[in-house]
Visitor: 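Mind having a look at this structure? Questions to follow.
Worth saying up front: this structure is predicted, and the values here are computed from it rather than measured.
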Amino acid sequence: VGIHHQLTTGEAGIGSRATFHKAPGRIDEDFRFLREVVATEQRIDDFGDDFTAKLIQVLGVLMLDRNDDVLYADRFIVVVFNGYLCFTVRTNITDSTVFFCFVQTLAQVIDEQIQPGENISDFNDALNTLHGSLSYLYDTRPTLRKTAEDRASQVSSADVDNEIETRLKKLRKENPFAGVHICPASSLDVPDEQAVRLVVLRTADTYRRKSEKSKALEAVSDILSNRGPSPRIYKNMLAFVAPDYDALSSLQTEVKRFIAWKSIMSDKDDLNLDGNQIRETQQKLDRSNQTVELRIKETYCWLLVPYIDQFEDMKTIQWEISNIGGGDESIVTKSAKKMVQGEQVITNWAPALLQMSLDDLLWKDSNDIAVKKLWEYLSTYCYLPRLANYSVLEDAIARGLASDEYFALAAAYSNNRYVDLKYNQTVFSINQSDLLVKTNVALKQIVAEKKEEPVTPINPNGGGVQPEGPSG
């Protein structure tokens with residue numbers, strides 16, 4: 001059994017059909033799936049009582065693609081007995097007479113090849129059954145997959161981006177992030193506040209591994225430097241997640257497929273889908289939905305965190321870029337874990353590390369620093385540790401004050417002395433107007449104040465000395 005298109009130059013076609021895209025000398029396929037049914041030398045042999053079942057089974061399993069070159073799982077097969085049928089073998093034919101032609105030609109073959117002694121009624125019954133089944137074997141409507149493919153090809157890029165953005169907006173903030181900002185259209189959409197925030201970039205702002213120039217780096221640099229027309233102040237409070245350049249196309253393709261299946265389900269009544277087709281559509285829709293969710297997590301895999309190397313260039317922002325792809329956790333959860341593990345954001349700060357930052361950078365030329373000013377520095381400069389929020393700093397100060405190793409705290413500085421100086425004691429509240437004081441400076445004032453205190457005489461009999469009474 002074969003389907004051949006060996007056209008010579010200038011030949012219009014085979015039988016009643018045009019050549020379409022076929023070039024001279026090309027052939028389609030040489031199928032041999034009816035070997036047990038069709039014998040050699042152009043005669044029918046051993047059809048058996050189950051001829052109809054066998055033939056219908058073949059028709060339902062093997063199918064030609066619309067380009068006539070490959071097998072395709074959701075298309076119809078046109079069986080051609082070479083030398084007997086002359087009609088198109090393309091699968092987009094709409095004339096049902098083709099199938100009647102097939103049955104008639106098959107009857108002709110049987111009449112010509114029937115052997116003496118064979119019961120022709122068996123063959124006639126098979127032909128009648130096949131003829132009556134044509135309405136079930138032949139359907140001019142496109143298959144569900146074909147409909148989905150056609151609709152997917154018509155989905156616009158704007159609809160794809162909107163679907164991805166809608167899914168990303170379902171992400172919720174998690175500690176240590178004070179907020180999560182999805183697909184900001186400009187730097188104005190990202191607040192400039194003193195709390196760590198995660199920014200998830202648009203699909204257009206992609207990053208490619210080891211690429212020094214990418215749309216993602218341009219976008220994060222703009223957001224980090226500005227908030228709308230004004231310069232951004234608290235630059236040390238931001239981190240970013242960008243989509244992967246290479247993975248984005250797979251995500252977009254699957255989103256188009258999801259939108260297509262969704263539209264088919266919405267139009268199930270107009271498409272006159274039966275129960276099986278509706279179930280198939282729902283299965284395809286659910287599977288595509290799960291695939292989209294998985295590919296979003298795979299695509300948004302680049303975590304970009306700004307920093308400045310204090311031992312090199314103190315003015316140049318650099319980026320620590322990590323791959324957080326894979327796993328079932330959300331983009332926010334994976335970003336939070338990565339930043340906490342890498343100390344890119346600090347949720348629990350030791351007093352010793354606070355003192356180290358003070359000694360190395362912040363009060364080299366001063367004896368004290370205001371808590372508010374310290375928090376401003378930590379929120380602004382990317383060469384300093386990135387604290388999740390003010391409570392982290394407050395907790396570090398409180399623990400440090402309970403020790404005699406780190407620093408002291410004063411309410412103010414007036415008349416060359418610190419007011420309400422606290423050292424090596426428990427403190428329950430810390431105001432941003434308070435001053436952190438160097439330990440040696442605090443001890444000097446404490447010692448001086450002790451020397452200035454009047455000494456009360458001690459009564460040997462216990463208690464203070466009693467004042468003298470009038471002489472008697």
Side-chain angles (χ1 to χ4, degrees), residues 29 33 56-78 90-94 96 133-171 182-183 202-203 206 243-244 246-301 325-331:
E29 298 287 345
F33 53 83
I56 294 176
Q57 181 181 11
V58 169
L59 289 174
V61 173
L62 294 178
M63 304 168 188
L64 285 177
D65 194 321
R66 56 186 171 186
N67 64 7
D68 304 334
D69 287 324
V70 295
L71 289 176
Y72 192 80
D74 284 343
R75 297 196 180 276
F76 208 89
I77 179 68
V78 178
R90 291 179 62 84
T91 58
N92 60 349
I93 49 179
T94 58
S96 60
S133 303
L134 289 177
S135 59
Y136 299 98
L137 293 174
Y138 176 71
D139 192 347
T140 60
R141 296 178 304 174
T143 63
L144 284 176
R145 179 176 293 186
K146 177 62 168 59
T147 301
E149 289 176 352
D150 291 343
R151 293 193 176 198
S153 66
Q154 298 172 10
V155 176
S156 67
S157 298
D159 289 339
V160 172
D161 292 342
N162 182 66
E163 177 66 27
I164 296 174
E165 182 174 340
T166 299
R167 290 171 179 263
L168 289 173
K169 285 183 177 179
K170 295 178 182 179
L171 294 172
I182 307 299
C183 303
R202 302 173 300 173
T203 55
T206 57
D244 181 72
D246 296 318
L248 181 62
S249 60
S250 296
L251 169 60
Q252 292 172 330
T253 298
E254 190 58 41
V255 169
K256 288 182 179 181
R257 189 175 293 120
F258 169 80
I259 294 175
W261 283 114
K262 186 177 180 181
S263 70
I264 292 174
M265 180 59 73
S266 299
D267 298 341
K268 62 180 182 294
D269 294 333
D270 295 337
L271 294 172
N272 195 26
L273 301 184
D274 58 29
N276 289 332
Q277 290 174 318
I278 291 175
R279 284 191 293 272
E280 179 185 354
T281 300
Q282 188 61 55
Q283 291 172 357
K284 298 286 188 180
L285 182 60
D286 293 342
R287 186 180 300 113
S288 181
N289 177 63
Q290 295 173 0
T291 304
V292 169
E293 291 295 329
L294 178 62
R295 290 189 180 175
I296 286 178
K297 294 176 183 179
E298 293 173 347
T299 301
Y300 277 82
C301 64
D328 296 330
E329 295 174 311
S330 72
I331 296 170

Visitor: Show, in sequence, the C-alpha distance, side-chain angles and deciding distance for Asp286 and Gln282, and conclude whether the side-chain hydrogen bond (donor to acceptor under 3.5 Å, both in side chains) test is met.
Guide: CA-CA 6 Å; Asp286 293 342; Gln282 188 61 55; 2.8 Å; yes
Visitor: What pairs with Arg167 under salt bridge (Lys or Arg N to Asp or Glu O under 4.0 Å), at least two apart in sequence or on another chain?
Guide: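 So Arg167 forms a salt bridge (Lys or Arg N to Asp or Glu O under 4.0 Å) with Glu163, Glu293.
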Visitor: Could you state the interatomic distance from CZ (Arg257) to NZ (Lys284), rounded to the nearest 0.5 Å?
Guide: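 One finds 9.5 Å between CZ of Arg257 and NZ of Lys284.
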Visitor: Just checking, is any N or O donor in the side chain of Ser156 or Asp159 under 3.5 Å from an acceptor N or O on the other one?
Guide: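 Side chains of Ser156 and Asp159: pair found under 3.5 Å.
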Visitor: Under the salt bridge (Lys or Arg N to Asp or Glu O under 4.0 Å) test, which residues partner Lys268, sequence neighbours left out?
Guide: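 Salt bridge (Lys or Arg N to Asp or Glu O under 4.0 Å) list for Lys268, sorted by chain: empty.
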Visitor: Between CG of Leu168 and CG of Asp161, what distance do you get to the nearest 0.5 Å?
Guide: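 With rounding to 0.5 Å, CG (Leu168) is 10.5 Å from CG (Asp161).
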Visitor: Applying side chain to side chain contact (heavy atoms under 4.5 Å, CB included), run through Val255 and Ile296 and close with a yes or a no.
Guide: CA-CA 10 Å; Val255 169; Ile296 286 178; 6.0 Å; no
Visitor: Tell me, do Thr253 and Phe258 make a side-chain contact under 4.5 Å, heavy atoms counted?
Guide: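 Not touching, per the 4.5 Å side-chain cut-off.
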Visitor: Is the shortest distance from a Lys or Arg side-chain nitrogen in Glu149 or Arg145 to a carboxylate oxygen in the other one below 4.0 Å?
Guide: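 Between Arg145 and Glu149 there is no salt bridge, as every charged N stays at least 4.0 Å from the carboxylate O atoms.
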Visitor: Within the structure provided, determine whether Leu285 and Ile264 are in side-chain contact (heavy-atom separation under 4.5 Å).
Guide: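 No, every pair of side-chain atoms sits at 4.5 Å or beyond.
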Visitor: Does the side chain of Asn276 pick up a donor-acceptor pair with the side chain of Glu280 at under 3.5 Å?
Guide: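 No donor-acceptor contact under 3.5 Å links the two side chains.
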Visitor: Looking only at heavy atoms, what is the nearest atom pair of Ala260 and Ala152, with distance?
Guide: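 Result for this residue pair: CB-N, 3.6 Å.
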Visitor: Test Thr299 against Asp244 for side-chain hydrogen bond (donor to acceptor under 3.5 Å, both in side chains), laying out the working first.
Guide: CA-CA 5 Å; Thr299 301; Asp244 181 72; over 6 Å; no
Visitor: Would you say that Leu144 contacts Trp261 through its side chain, given a criterion of any heavy-atom pair below 4.5 Å between the two side chains?
Guide: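 Heavy-atom side-chain distance check passes, below 4.5 Å.
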Visitor: Could you measure the distance from the CG atom of Leu273 to the OG1 atom of Thr281? Nearest 0.5 Å is fine.
Guide: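 Answer rounded to 0.5 Å: 5.5 Å.
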Visitor: Rounded to the nearest 0.5 Å, what separates atom CD in Gln154 from atom OG in Ser263?
Guide: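 The CD atom of Gln154 sits 9.0 Å away from the OG atom of Ser263.
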Visitor: Run the side chain to side chain contact (heavy atoms under 4.5 Å, CB included) test against Glu298 and tell me which residues pass, sequence neighbours left out.
Guide: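 Partners of Glu298 by the side chain to side chain contact (heavy atoms under 4.5 Å, CB included) criterion, ordered by chain and then number, come out as Leu294, Arg295.
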Visitor: Indicate yes or no for a side-chain donor-acceptor contact from Lys297 to the backbone of Asp328 under 3.5 Å, with no hydrogens or angles considered.
Guide: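 Side chain of Lys297 to backbone of Asp328, a donor-acceptor pair under 3.5 Å: yes, one is there.
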Visitor: Using 0.5 Å steps for rounding, measure from the CD atom of Gln277 to the CZ atom of Arg279.
Guide: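 Spacing of CD (Gln277) from CZ (Arg279) equals 10.5 Å.
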Visitor: State the CG-SG distance between Asp246 and Cys301, to the nearest 0.5 angstrom.
Guide: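 Result: 9.5 Å between the selected atoms.
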Visitor: In terms of heavy-atom contacts, does NZ of Lys262 have more than 12 from other residues, nucleotides or ligands at under 6.0 Å?
Guide: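 At most 12 heavy atoms, drawn from other residues, nucleotides or ligands, come within 6.0 Å of this atom.
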Visitor: Go through the steps to decide whether Gln252 and Leu248 satisfy the test side chain to side chain contact (heavy atoms under 4.5 Å, CB included), and finish with yes or no.
Guide: CA-CA 6 Å; Gln252 292 172 330; Leu248 181 62; 3.8 Å; yes
Visitor: Does a side-chain N-to-carboxylate-O contact under 4.0 Å join Arg151 and Asp267?
Guide: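 Salt bridge between Arg151 and Asp267, a charged N being under 4.0 Å from a carboxylate O: yes.
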